[in-house]
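Notes follow the structure.
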Amino acid sequence: MTVIIPESGFRARLRRATSGAAVFAIALGVCGIAATSAHAADKTDDAVVELHLSAGANGAVTPGLSTSASVTVQNGTGDALSTGHVVVELNRTALADRDAVADWFESEDADGAFDRIADDSTAAVNAGASATSSVPLPQELFADLAPGVYPLRAELTGASPGSGSEEDATATSVLVVSAVQRPQVAVLVPITATPQNGALLSIDELTELTAADGDLTAQLDGVSGTSAVLAIDPAIPAAIRVLGTSAPTSVTEWLDRLDALPNERFALQFGDADATTQAQADLPSLLAPTTLAPFLDPKNFQAPATPTPDATPSPTPTDGPVLPDDETLSVVDGAAPGILWPRGDVTTDDLADFRTYLGGTASTVLPSTSLSSGSSGHAAVGDADVLVTDAAASDALSTAANEPDATARSRSLAAANAYLFLSAQQSASPLIVGLDRDENRTADALRDAVTTADSPGVDLASVRAAPAAAASVDSDVDDDRSAALHRMLADEVTLGSFSTILSDPQLLLSPERIRILRTIGVGHSAAQFEKALRSHTDATQDTLAAVDIPQSSTIQLLSANADLPFSVRNDLPWPVNIVLYTRPSDPRLEVKPVTTAEIQARTTGRVKVPVSARVGSGELDLHLSLKSPTGVSIGQDQTVRVAVRAEWEGIGLAVFGSLIAILLVLGIVRTLRRQRKNRDEAPQDAETDAAANPADPSEDRQ
């Protein structure tokens, strides 16, 4: 079976685990723009001192109000860090646009001069610990600042670990000065979970994910109490509902909690499959599970007995379990219809296909980098309705949501505020941000990311109500993914033929379709997609090779008539029905040509084939092939060498008969000798008895 390990918060861990300026470049290159971070001047030592800076409310300040800057020193060395001195500087030349913001975070260079606005001494920090200082920033510092985004930085000097040299470090952030309320933003949060085997989440996986410290619980904790718009993979409620009465309490409570949340929501495609890949593969409709029935166990859906109104109630028998249909199992309660959130590299034709898929009412969620205008909010590409997420702000908030360290993620939150401020200057319409697919976020990190941007009362309906800006898309078709999907669907057809060995072919085909959907998942990067595709291809080949005839050594046939046993291996988790075809290379051996059998799950069974030899001695071949009951070839054909020694049967019978005759003669002779001996010994025994017992004279007188 396929395994899609879900991707964790890699970027955040990479930035914390690696050292020096190299880690800073990698983290910023992957994340786009982040929150506060810093690195030591020593680029050769893995143990570093990091500096983190934030001001106001995640970078946002209001003119005329005093605020403060938070400076955190993290000592990653193995020695205690001495006291030092930190200086906070502000550049009073506003960053002109979004590109300037990106350049500032990446290069730490900006036009204009930096003014010292605060300084403070830092406390000594133990090895592996951190210390935070709050530096007051009076309102006079911002009196002459017009609304805008301003570079902010801090520098640590004078601190040294043990007897080593000084560890200077720098941190960069921004100050977002705005006299108006923050922009109106809707935040899209995907709710997803990937099973180990690529089909539905198992009961053990669901139990772990919905535990108090589980990843699915963290996702609900992170959005609870916010205005986030939830994009839910319907495979999650389906995996819970197929369990019926066997579902653990924590699992059903999680689903009840999800249904009870007031957040607006819409359904992703099953398994979070990518609609763009399907459109570019020219599929006439979106793929869906073939059926979820194989995952149902009727005993988990028994209707409760109905008591009779008699004085002594007795259960009234029911007609059996009523199994839910696929729509009931996979429905996302309260979901808004007609929304797709695919990969962003779409074409105009893809958008037209999306409308066809959803009956002409589709709204497609795309990042701003997919559109010519680059705007966020509501757009129209021809007749296609598009909900546009702010790509830069989404990247920054996704980085923050993936960062478990609250101090480290403050820089990403400040960057997101900067991008949203600049977007709001271009349009008064509500904006949208969409978080990356990530299943391993902490609740606190997700909540910080959502609450930094979301606005109560702003939903997709309010975004759609705003005028749609005309835009266009200019992306190329991803031939690699569309071709890969065609190959997987061709393999699915092959598996469909192969599955005729099963009493219910959907036992194999239903999980296979779900694995295809997950393989083309939206959250897969190019490298992850290639890995998932290889895993799926290997699993398909393993399945097709799971039933076959193992190679056999030469069979010695010592009788003219016998049943020859042939092995059939079944590695599938279900019993299979097979037909064994046997054909001899020499007509002097009569063989039953067709033999049917059932081979149990994960066993190697024996199929006995009656044969009759017309020749006393010789060697010949038996050609063996497996087919399904519908005539589909299964596995590889095999040839078995048979050495016929049928004359040995006559020889054996003659020898056996001779042995019996000899034994009979010996028995008769032995019996006769014993009888003769008994007759010879009888007179002697009589004389001996007479001598031993002479007659009494008194008896004669009487």
Side-chain angles (χ1 to χ4, degrees), residues 8-31 34-55 58-59 68-89 105 108 116 118-136 152-173 213 218 399-415 440-445 448:
S8 61
F10 170 74
R11 294 172 291 187
R13 291 198 298 271
L14 179 64
R15 177 158 48 82
R16 295 196 310 276
T18 321
S19 66
V23 96
F24 187 68
I26 292 173
L28 289 181
V30 173
C31 303
T36 52
S37 87
H39 49 279
D42 184 0
K43 299 178 177 58
T44 60
D45 190 354
D46 289 339
V48 297
V49 174
E50 295 184 349
L51 191 66
H52 301 278
L53 169 67
S54 66
N58 294 321
S68 63
S70 177
V71 181
T72 300
V73 180
Q74 287 188 334
N75 180 13
T77 70
D79 299 315
L81 188 69
S82 67
T83 59
H85 189 74
V86 65
V87 175
V88 181
E89 296 179 319
F105 278 107
E108 302 182 7
R116 176 182 296 197
D119 65 315
D120 197 8
S121 296
T122 61
V125 185
N126 292 329
S130 63
T132 300
S133 300
S134 180
V135 182
L152 188 71
R153 72 184 181 192
E155 183 176 3
L156 173 68
T157 58
S160 60
S163 58
S165 59
E166 291 185 1
E167 294 280 358
D168 295 342
T170 303
T172 56
S173 187
D213 58 348
T399 301
N402 297 338
E403 174 56 72
D405 189 303
T407 301
R409 64 175 171 262
S410 60
R411 185 170 184 264
S412 298
L413 299 176
N440 307 109
R441 296 179 170 120
T442 66
D444 290 342
D448 280 354

If I compare all heavy atoms of [X] with all of [Y], which pair ends up nearest, and what's the gap?
X: A171; Y: L51; answer: CB-O, 3.3 Å
X: S173; Y: F105; answer: CA-CE2, 4.0 Å
X: A159; Y: L156; answer: CB-CD2, 4.3 Å
X: N402; Y: P404; answer: O-CD, 3.3 Å
X: S133; Y: S121; answer: OG-O, 4.2 Å
X: T122; Y: V73; answer: CG2-CG2, 4.1 Å

At what distance, to the nearest 0.5 angstrom, does [atom1] of [X] lie from [atom2] of [Y]?
X: S70; Y: H52; atom1: OG; atom2: NE2; result: 10.5 Å
X: D448; Y: R409; atom1: CG; atom2: CZ; result: 4.5 Å
X: T172; Y: L152; atom1: OG1; atom2: CG; result: 9.0 Å

Under the side chain to side chain donor-acceptor pair (under 3.5 Å) test, residues paired with T132 that sit two or more places apart: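 So T132 forms a side chain to side chain donor-acceptor pair (under 3.5 Å) with T72.
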Name every donor-acceptor pair, under 3.5 Å, that has one atom in a side chain of residues 82-89 and the other anywhere in the protein, sequence neighbours excluded.
| from | atom 1 | to | atom 2 | distance (Å) |
| --- | --- | --- | --- | --- |
| S82 | OG | S160 | N | 2.9 |
| S82 | OG | S160 | O | 3.3 |
| S82 | OG | S160 | OG | 3.4 |
| H85 | ND1 | D120 | O | 3.4 |
| H85 | NE2 | D119 | OD2 | 3.2 |
| E89 | OE1 | R153 | NE | 2.7 |
| E89 | OE1 | R153 | NH2 | 3.1 |

Main-chain N/O of A408 paired to D405 side chain as donor or acceptor, under 3.5 Å: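 Present.
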Donor-acceptor under 3.5 Å (N58 side chain, L413 main chain):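 No: the side chain of N58 does not pair with the backbone of L413.
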